[in-house]
Amino acid sequence: MRALSAQLLAPLQQPAHPIQSLDEATRRHLEQVAGDCADLFQRSSSCVEGRNGVLALYQHGHHRLSPRKQQVLTALHNFAIKRPDGTTAAERFFAQPHPSLFEQVLERMPWPARPARRRPRPAKRPYLTLVAA
């Protein structure tokens with residue numbers, strides 16, 4: 001990375017480059033602004049990037065996620081989504097396995113109510129039939 005950085009900065013440090021004609025204070029200010037922009041737009045570390053990246057992508061199409069839905073998405077991310085090695089984020093964080101999320105939901109959720117009986121539909125009125133005179 002340092003070699004690539006030196007290679008990219010080398011043309012800017014040549015005496016013939018227009019930046020070198022600026023006074024020292026202006027050059028320092030430009031470097032400070034460029035550094036601030038790089039800090040602002042650089043990628044996050046991978047441990048944060050996964051969760052926040054998923055939420056950011058999800059919010060592109062569904063703005064204003066409710067707090068409840070954010071909690072559900074967080075639980076799914078931490079306890080249901082597995083890496084190729086078969087571990088979840090919670091297993092890696094706590095360094096021990098956890099019960100299946102699906103089984104825990106089945107234990108805690110009440111059974112759904114029976115569906116309502118079907119009601120007979122009222123007969124449709126013929127709106128466009130000719131009336132006999």
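This structure is a prediction, so every number in the text was calculated from the model and none was measured.
- Of all heavy-atom pairs spanning Gln20 and Gln14, the tightest one is CG-O, 3.0 Å.
- Annotation: side chain of His29 is not in contact with side chain of Thr26 (no heavy-atom distance under 4.5 Å).
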Self-check item: Intermediate values then yes/no, side-chain contact (heavy atoms from CB on, under 4.5 Å), Gln104 and His98
Solution: CA-CA 10 Å; Gln104 288 188 7; His98 57 79; 5.6 Å; no

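- Scanning all heavy atoms of the two residues, the minimum distance from Ser21 to Pro18 falls at OG-O, 2.5 Å.
- Here the CD atom belonging to Gln70 is positioned 13.5 Å from the CZ atom belonging to Arg68, to the nearest 0.5 angstrom.
- If you chain together hydrophobic residues whose side chains sit under 4.5 Å apart, Leu76 and Phe102 never meet in one group.
- For the pair Glu91 (side chain) and Thr88 (backbone), a donor-acceptor distance under 3.5 Å is present.
- Heavy-atom neighbours of His17 NE2 from other residues, nucleotides or ligands within 6.0 Å: above the threshold of 12.
- Atoms OG1 and CZ, on Thr74 and Phe79 in that order, are 10.5 Å from each other to the nearest 0.5 Å.
- The distance from atom CD1 of Ile81 to atom OG1 of Thr87, rounded to the nearest 0.5 Å, is 12.0 Å.
- When hydrophobic clusters are built by joining Ile, Leu, Val, Met, Phe, Trp and Tyr residues whose side-chain heavy atoms come closer than 4.5 Å, directly or via intermediates, Leu30 is not grouped with Leu12.
- Rounding to the nearest 0.5 Å gives a distance of 7.0 Å between CG of Leu22 and CZ of Arg27.
- In this structure, Ser5 contributes its side chain and Met1 its backbone to no donor-acceptor pair below 3.5 Å.
- Residues Leu101 and Ala80 approach most closely at CD2-CB, 3.8 Å, considering heavy atoms.
- The pair Glu31-Arg28 does not meet the salt-bridge criterion, since no charged nitrogen lies less than 4.0 angstrom from a carboxylate oxygen.
- Within a 6.0 Å radius of CD in Glu24, more than 12 heavy atoms belonging to other residues, nucleotides or ligands are found.
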